[in-house]
Amino acid sequence: MNLHEFQAKQLFAQFGVPVPESSVVKTLDQARAASTTLGLPMMLKAQVHAGGRGKAGGVRRCGSVAELEAATQGLLGRPLVTAQTSPQGLPVSRLLLERPVQVEREFYLALLVDRAAERILIMASAAGGMEIEQVAANNPDALLVSRIEPVFGLRPWQSRHIGLFFGLTPDQQLAFDKLLGNLYQLFVECDASLVEINPLVVTADGELIALDAKVELDDNALYRHPALAALHDPSQEDAREVAARAEGLSYISLDGDIGCMVNGAGLAMATMDLIALHGGSPANFLDVGGGATADRVARAFKLVLSDEKVAAVLVNIFGGIVRCDLIAEGILEAVQGVGVNVPVVVRLEGTNAELGLERLRQSKLAIETAATLTDAANQVVAAAAATQSRGGAGGQS
C-alpha cells in the first residue's frame, strides 16, 4: 500500500526523522490560510501516487498569494498526468504546502526488502534528487548498498560507512546516525516494504532534512496496523482493482483488449503469455482463485466486462477443486445478466468439463468453446481483431 508524501512525512515526524514545516490543504481557503502560517514563498506539491510530478507541473514554487491561488485552482480537483500515470492521470484532492529549504547538498537514501538475500537493504547515493534507476544504470559506483543482518539489526558501523560515503561532517554524522536509526525503526515497526528519501538534503545551516518521502507498506501486514490501513486512498487506484479487492479477487488492469478470467495465478500468467504469443494483448490479469464458485465467476465476469477496452473475453478454467459445470452456470448467469456485446471464448478442463462445455453450447448464447488452450488463444485473438475492425469494443451493453 502506497502512502501520499504528506502521510509519509507525518510518519517520519512521528519517528523523529526531520521534515520541512508544512501544511496539507484541500481547499483554496485553506491554502490562503497556510500562506499566512508558513509565509511566502512556499513550495506547493500535488499529492498523487506517482513520480515525475515536477516535470508534469505538480510541484511549484509560489512567491505570492496570487501565484498560490492560481496553482491551487489549477491542480485541486483535476487529474495530474505524469510519466508514471495512465493517460487519464490521477486525481489531486490534496496539496502539500511547505516552507522552502535552502539546500547545500542532496543525497538519496532508501530502505527496502532484498527478497533474494532475505535482508533489509540500505541503498545510498550522493547523487540525490535524481531518478535512482538512472543513477544505477549510468554510474553504478555512485551507489552504496548495505544489508542489515536480522539478528543484529542496524549496526553503528553501517551508519558511519554511509556518512563517510556522503562526506558528512562530524556533527552531520551524529545527526545522520539518529536519522538512519529512526528510519530503520519505522521500517520494522510499520512493516514497510520501501522507505525512500529523495532527496535527503543538507541545508545551509548544516541540518539534515528529508525533503521528499516515499513509503510503501506490506499489504499482508496491514491487519496489524489499523491506523496505517486507514490511510489508504482508493482514488489513486484503478476503480476495477479496488472493486476486485472488495470481492476478494486478484485483478490488475492492463493495456490490451482481451479480457482474461482464469483460476490460479500460474495458469493466468500462462494464458496471458499464450495470448501475446498469438498476436493478442491482455486487458487484465484476473485470478478468481482455486476454489471458484458460480457466483464468484459471475462477479468476476462482470468486472472484466466493465473495462470499455475489452473487445473479446477468454475464460480459462481448470476444474480441480471446483466442478466445470458449476463454472459454466456462473458464466451463463453473467452473460445473461450483464448483456455482453463482445465475443466470449471458454476453455474448460478437469472435473465435469464436458458437461460444462455442453451446457454452454446448448445455451444458444454467443459463446465459443475451445478444446485446448492454444485453440482458445487463437479464437479469442481472432475474435478481438474482428470486434475492433467493426469498432465494437466495450464489454457491456
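Counting from 1, the numbers follow the sequence of the chain as shown.
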message = Taking Y108's backbone N and O only, do any of them form a donor-acceptor pair with E196's side chain (distance below 3.5 Å, no angle check)?
response = no

ask   = Given the side-chain rings of F285 and Y251, with only the six-membered ring counted for Trp, is the space between their centroids under 6.0 Å?
value = no

message = If I take atom CZ from residue F318 and atom CG from residue N263, how far apart are they, to the nearest 0.5 angstrom?
response = 8.5 Å

ask   = Does one hydrophobic cluster hold both V65 and L97, with members joined at side-chain heavy-atom distances below 4.5 Å?
value = yes

key: Distance, nearest 0.5 Å, that separates CG of L90 from OG1 of T85   = 5.5 Å

request  = Before accepting this row, confirm whether a basic side-chain N of the pair E98/K45 lies closer than 4.0 Å to the acidic partner's carboxylate O.
outcome  = yes

request  = Indicate yes or no for a side-chain donor-acceptor contact from Q14 to the backbone of L11 under 3.5 Å, with no hydrogens or angles considered.
outcome  = no

ask   = Hey, does the side chain of Q73 reach the backbone of L28 with a donor-acceptor pair shorter than 3.5 angstrom?
value = no

query = Is there a donor-acceptor pair under 3.5 Å between the side chain of R61 and the backbone N or O of M42?
reply = no

key: Side chain proximity check, Q388 to D257, heavy atoms < 4.5 angstrom   = yes

request  = Work out which heavy atom in E106 is nearest to a heavy atom in G128; give both atom names and the distance.
outcome  = OE1-O, 3.2 Å

ask   = Could you give the distance from CD (E329) to OG (S363), rounded to the nearest 0.5 Å?
value = 12.0 Å

task = Kindly indicate, with the supporting measurements, whether the criterion side chain to side chain donor-acceptor pair (under 3.5 Å) is fulfilled by Q102 and T203.
result = CA-CA 6 Å; Q102 189 173 350; T203 69; over 6 Å; no

inquiry  = Under a plain distance cut-off of 3.5 Å, with no hydrogens placed, do Q84 and T82 share a side-chain donor-acceptor pair?
reply    = no

ask   = Between R105 and G167, is there a donor-acceptor pair closer than 3.5 Å when you use the side chain of the first and the backbone of the second?
value = yes

message = Looking at every heavy atom in both L303 and A244, which two are closest together, and how far apart are they?
response = CD2-CB, 3.4 Å

inquiry  = Are the side chains of V195 and F12 in contact, using a 4.5 Å heavy-atom criterion?
reply    = yes

request  = Answer yes if the side chains of E358 and Q362 hold a donor-acceptor pair under 3.5 Å, and no otherwise.
outcome  = yes

ask   = Got a salt bridge between R60 and E67, using NZ or NE/NH1/NH2 to carboxylate O under 4.0 Å?
value = no

request  = Determine the minimum heavy-atom distance between V304 and V310, stating which atoms define it.
outcome  = O-CG2, 3.6 Å

ask   = Is R53 reaching over with its side chain to a backbone N or O of G51, donor-acceptor style, under 3.5 angstrom?
value = no

query = Sub-3.5 Å donor-acceptor pair from the side chain of R347 to the main-chain atoms of L314, do we have one?
reply = no

query = Of the non-hydrogen atoms in T37 and R99, which two are nearest, and what is the gap between them?
reply = O-NH2, 3.9 Å

key: Common cluster, L183/L144, ILVMFWY with side-chain heavy-atom separation under 4.5 Å   = yes

query = Is there a side-chain contact between L121 and L111, using heavy atoms and a 4.5 Å cut-off?
reply = no

note = Taken to the nearest 0.5 Å, the spacing of L95 CG from S93 OG works out to 8.5 Å

key: I317 with I275, same ILVMFWY side-chain cluster at under 4.5 Å   = no

query = Heavy-atom distance under 4.5 Å between the side chains of V135 and S125, does that happen here?
reply = yes

request  = State the OG-CG distance between S281 and L254, to the nearest 0.5 angstrom.
outcome  = 7.5 Å

ask   = Hey, does I132 have a side-chain heavy atom less than 4.5 Å from the side chain of M123?
value = yes

task = Kindly give the heavy-atom pair with the smallest separation between A283 and G259, and that separation in Å.
result = CB-N, 4.1 Å

inquiry  = As an exercise, state the distance from CZ of R361 to CD1 of I367, rounded to the nearest 0.5 Å.
reply    = 11.5 Å

ask   = Would a distance-only check, ignoring hydrogens and angles, find a side-chain to backbone donor-acceptor pair under 3.5 Å from Q158 to R155?
value = yes

message = Apply side chain to side chain contact (heavy atoms under 4.5 Å, CB included) to residues L180 and I162 and explain how you reach the verdict.
response = CA-CA 10 Å; L180 184 59; I162 296 171; 4.1 Å; yes

request  = Report yes if some heavy atom in the side chain of E5 is under 4.5 Å from a heavy atom in the side chain of K9; otherwise report no.
outcome  = yes

query = Between S159 and D177, does any side-chain donor sit less than 3.5 Å from a side-chain acceptor?
reply = yes

message = If you count heavy atoms of other groups shown closer than 6.0 angstrom to CG of N138, is the number above 12?
response = yes

query = Which word best sums up how the rings of H4 and H49 line up, parallel for under 30°, tilted for 30 to 60°, or perpendicular for over 60°?
reply = tilted

ask   = Run the side chain to side chain contact (heavy atoms under 4.5 Å, CB included) check on S35 and L68 step by step: do they pass?
value = CA-CA 8 Å; S35 68; L68 175 63; 3.6 Å; yes

key: Side-chain donor or acceptor of T351 paired with backbone N/O of G319 under 3.5 Å   = yes

request  = Go through the side-chain N and O atoms of N284 and S253 and say whether any donor and acceptor fall under 3.5 Å apart.
outcome  = no

message = With a 4.0 Å cut-off on N to O distance, would you call D219 and R245 a salt bridge?
response = no

inquiry  = Using side chain to side chain donor-acceptor pair (under 3.5 Å), reason through D233 and S235 one step at a time and then give a plain yes or no.
reply    = CA-CA 5 Å; D233 184 356; S235 72; 2.6 Å; yes

inquiry  = Is there a path of hydrophobic side-chain contacts, each under 4.5 Å between heavy atoms, that joins L305 and V288?
reply    = yes

query = Just wondering, do L211 and P20 contact through their side chains at under 4.5 Å, heavy atoms?
reply = yes

Salt bridge flag under 4.0 Å for residues D114 and R147 = yes

query = Is there side-chain contact between L228 and C190, with heavy atoms separated by less than 4.5 Å?
reply = yes

task = Give a yes or no answer on whether the side chain of T387 reaches the backbone of V342 with a donor-acceptor pair at less than 3.5 Å.
result = no

task = May I have the step-by-step check of side chain to side chain contact (heavy atoms under 4.5 Å, CB included) for F187 and L194, ending in yes or no?
result = CA-CA 8 Å; F187 191 97; L194 171 68; 5.5 Å; no

inquiry  = I'd like to know whether Q30 forms a side chain to side chain contact (heavy atoms under 4.5 Å, CB included) with K26, so could you lay out the CA-CA distance, the side-chain angles of the two residues, the decisive distance to 0.1 Å, and finally the verdict.
reply    = CA-CA 7 Å; Q30 290 177 350; K26 296 190 286 185; 3.7 Å; yes

inquiry  = Please say yes or no: joined through hydrophobic side-chain contacts below 4.5 Å, possibly via intermediate residues, are L96 and L40 part of one cluster?
reply    = no

